[in-house]
Structure formats: structure tokens, C-alpha cells
Amino acid sequence: MCGIVGFIGQEKASDVVIKGLERLEYRGYDSCGITFYNPNESKFVTNKTTGRVSKLLNENDYPDNNHLAIGHTRWATHGVANHSNTHPHYSMNDRFVIVHNGVIENHKELVFKYLPDYKFRSETDTEVIVNLIEKFSKELSVLEAIRKTISLLEGSYALLIIDTQDTDKLYAVKNKSPLLIGESDKGIILGSDVLAFVNYADNYYLLEDNSVITVEKINEKYNFEIFDTIGLKIEKPEKHPMDFVTDELDKAGFEHYMLKEISEQPAVVRKIMSEYMDGNDLKINYKVKSLFEGVNRVYILAAGTSYHAGLIGRVYFEEIAKIPTEVFIASEFAYNEPLIEPNSIFVLISQSGETADLRACLVNVREQGFKTLSITNVPTSTLAREADQTLNIYAGTEIAVASTKAYIGQIAVLAILSNCLSKQHSLDLVSEMSRAAVSMENIVDKRDYIEEVVQKTIKGDHCFYIGRGIDYFVSLEAALKLKEITYIHTDGLAAGELKHGPMALIEKDVPVIAIISQDHINNNTRSNLEEAKAREAKPLVISLDNTSKGNDEIVLMDVHRLLSPLVTIIPAQLIAYYKAIDLGVDIDKPRNLAKSATVE
Ligand code: G6P
């Protein structure tokens, strides 16, 4: 994870970098730091904090004429979140400064073999890189020293490097961790995500793995060049305009991004309908459709919330498209591969399109010759570019770490794709999805009521969501939402499993929330809830009009049973949100988490 930003040019570099880091805080916020060149004192200055990026700006002074800076916002992997482990890191003799996103797996071996006499100031794997560069630069040019260093590294790394002896140059490297270049008349910005470039770049470029970049002034203008690992110059990649909707980056009057994004969910469904439907015709690219020709099995791979969307995707592929489907957590599949049916396709679902576990799976299954389709929210992301085909979920930028609208987008796209692959087009998607969007809107509009329910029901340190079938899969996501933003221990359970162990944890007033949207299991789930009530649990039911009974607390407007996850998750998202408000925690940036998991 982690976010890195660097700038060289005619703007106040520290401002560009700090603003960029603020936009990248979703990648990690354990600590952050910046190094910039102060021309007034002819020296490099480094500021670090274990607080948020805003502190870097508010608690330090930056001269207006600083033109070169690199910065980092950290999700700790090696060493706790303290000052010395915070990037940027200096080489032992202070010649080079570096920021790094990624993990160097062989860093201990490298110290043993190449740097036995070096003194280290942090516990990070990153310091090894900067010291190797310093060591090799004694006999090689800086560029050669960087190349020699990366030839020894095993792992993932996006690097920005300053040579303190050359204040008009910036170096960068990309391998497996994301790094992009932004360009304007005023300078060159490099960063982990194009979000960091908003307001500072006119165009941006995506980089391939194993790229080494130099940025320097040529004819009064900063320019960049890209080399491969053996030093051959590579042609610049395609230039993309920064046609970003910056409104998406504001809270639009909401107190938190999470609530804004929850509220946007009906619009996401409608946007997806407009992108993928033309009346009753489905506009899925024929190349995507043809990938599924002759396929006997679908393997869905994903992580976190996207994995939960994948579980629902399995129901769609099997019930609608009639293709047997399996779903795997990416980090499990990567190292414990099952026996794969030969005529299979891999569908990789990822909001960011950058999750390292998934990327590892993609590389692996492509090497084995399988067909691949990615479903992401970022069409320029690594997974979108590297899979055979990709589908965009059109959810718009999601900023809150807890994913909401991307989950909805993934489910909607999976429903459309499955229907497109179905011989009978068994779902009347136009009317069913429109209806789902209205039902979603109803519950978002009644969110004050959910706040009241939370006050009455969600108490204590434990909570359970239960459900059967598709409701069980929603229970998993509902539980994830509550635990990640409130820190209340929450499990999502198959309702029938409650009695096989978890019931031992039920005591007075432990909330047990049942999701009941399917007629055929309505009574079964209710029986399981009764069993919990008999042990003094605090029950709460989320049902649809046609599955509701008696005093169900949250009853939602009816939708097609297969589309119920689009609707039943929303009260659960709101329960998590209002409980987090109640507890006064940082809703958009929950502790210890990051939005984009770019380390395995
Ligand atoms: C992180 C985020 C989750 C997300 C998961 C997978 O853990 O905090 O919200 O679901 O990564 O991310 P992806 O971008 O692949 O969907």
C-alpha cells in the first residue's frame, strides 16, 4: 500500500506533493513525510509526522521557491509507525533520499551480502535500497547504480529518488507497485495514483513494470525519459488527458465520504444501466462475450468487499448464465491453487484494479493460458490493462476506505454480464434494476430511521449478521462494514451455522441481525433468530415487503430476489456508519486499514 508523490518544476513543490499526498491518504495513513530542497539555505529538509498529511503542512514552513520534493504516506509493513520508520529515508552518508511503495522480500539477504558495514536508522526494507544505490554510485553513474540496485531486488517497488548532489533531477522506478507520470507546462509530477495529479497535471502517462525514469531540465523545461532495466531508452507511453471529474473528490455537503458514497449508490446503478443497456439490449462488448464461448467453468478471484461481490456473482453465473462457478479469495488462490477445469475463464473483481494478491493471480493464470476478464472501477488500472478484457463498474471515485458504491457497481455489472451470457436473458433487467434503484433510494432517504435503530440495538462489543443463500453473502459484507469502521467484533454467518459454535458467544443483548430477502428460506432463518433470542440476544430483521413479518425493524421495498443484495446491504452500511458516528471514530479512514492493498 502506501502512496508516493514527487514533483520537480516551477510550482511550489512542497505544496504539490502535500496536496498529492492528501489525495493518496486512502492508501495508508499510519505516518507521512516529505523531503524538499530549500534553495535559500542550499540544503534538503525533511519533515515527518505520525499524524495525518495536513500536519505536514500546518506544522512546518516551506519557502515559496522550493522546486523539488518527494513525499510518502505510509501503511506500515516493516516496523511500527514511528518517526524513524517514516519515509523519506536517507542513505547512510545522506547522499540519496528515497520514498518507496512496495515490499522488498530479500532485504535481509541484501544487507548480509552487500551492506554488512552499513548503519541503518529504521526497521524498514526501504533503507536497504537507498544504501545499495549509495554504495554502487561510488563506482557507477547514478542511473547505473539504480539499475544495478533494482537488478538485486526481489519484490514490489515504486521508488522516487533524489540525489542530493543534483537538485535539478529526479529519478523513479516502477515494478509491480503502481506509479504514473503527470505533466504540465510547469513541471513533472510522479505518483501512485492519478488522483495525486489533480490541479497540477494536464496529461498523464501509465508506466509498465521495470521502468526506470529520469526527470530533468532540458531547454528550460522539465522533461522525463524512460529506460528499461538494461538501460535502453523506451518510447513514451500513450498520453492521457486529465479529464477528471473533480466534484467527485469533494464531500458535496456530506459530513463524510462514506455517507456521500452510500447516497450515490442508486445513481451508480442507473449509470451502469445507461452504459451497458440500450432498452432491452445489453451492450456488453462482443469481445467480452466471446471470451465465454466454450467455457465450462468460471473462477472468480477477489479480495475483501470485492470477494463478497464475487460470491453474489457466483449465484448470477450459475442461476442466470448456467455456468458452474467457483469463487476464491485471491491471496488463497495465489498459493493454494485448486485443480482447474481446462476450459475455464478467470474473472478478477477489484475496485482499485491494483490489489497485489490479484495481480499475482492474474500473472499466474495468464501464464497457464487461461482467459481473463477484470471488473474494476479504474479502467487505467493494472488489472484493467493486463486482463484479456475488462468491464468498468462506473462507480466514480470511491474515497472512503470502507467500500460501498463499488460493491453495488460490481454486483450490478455481474448481473448484467450474467444476463448477457444467458441464452434466455432470464431477467428483465431494465425494469428489475430500475426498481432496485428506487428501493435503494427509499432506504437512503429514510436513513434517520436507521440511526434510531442503531441507538436502540447496536450495543456492546460483539455483533452477528445471519442469512442464508444470497443473504448469507450479504451478511458477510454487512459484518465487514460494521467491524471495519466501528471496531466492534462482528461476524457474518450462515444462519444455520449459528448453533454449531457461534451460539456460545450469544449472551444478553448481543445484536443478531438477520437478513431475510428470500421466500424459500424465510422461516428457516427466522427459526435461527428465535434460537438466538432464546439466549437473550437482541434481534433485528432486515427484510423485503414480501418476506417481512410482524414487527420486522427494517422492511425494504420489494425487488427481484436475485437483485436483493443491491438493497439489503444499504441498511447494513448505514448501521455501520451511524454506529461509527456514535463512537466518534474516524469513519473515512479506519485504523490500521488502507483502501488499496498493493502488498501481498
Ligand atoms: C482493501 C480495502 C477493501 C477492499 C479490498 C480489495 O482491503 O480496504 O475495502 O475491498 O482492499 O480491494 P480491491 O480494490 O481489489 O477491490
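Numbering starts at 1 and runs along the sequence shown. Source: prediction; values computed, not measured. Order of appearance sets the numbers: ligands from 1, and atoms from 1 within every ligand.
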| task | Using heavy atoms and a cut-off under 4.0 Å, could you grab the residues that are in contact with ligand 1, chain by chain, numbers ascending? | result | A303, G304, T305, S306, S350, Q351, S352, T355, V401, S403, A594, K595
| said: Distance alone, cut at 3.5 Å: any donor-acceptor contact between the side chains of N85 and T124? | reply: no
| query | Is a salt bridge present between R366 and D388, judged by a nitrogen-to-oxygen distance below 4.0 Å? | reply | yes
| message | Between the side chains of R27 and E354, is the shortest nitrogen-to-carboxylate-oxygen separation below 4.0 Å, so that they form an ion pair? | response | no
| Taking the six-membered ring for Trp, are F346 and F333 ring centroids under 6.0 Å apart? | yes
| query | With the threshold set at 4.0 Å, does a side-chain nitrogen-carboxylate oxygen contact exist between K251 and E255? | reply | no
| query | When you check the side-chain N and O atoms of H308 and E477, is any donor under 3.5 Å from an acceptor? | reply | yes
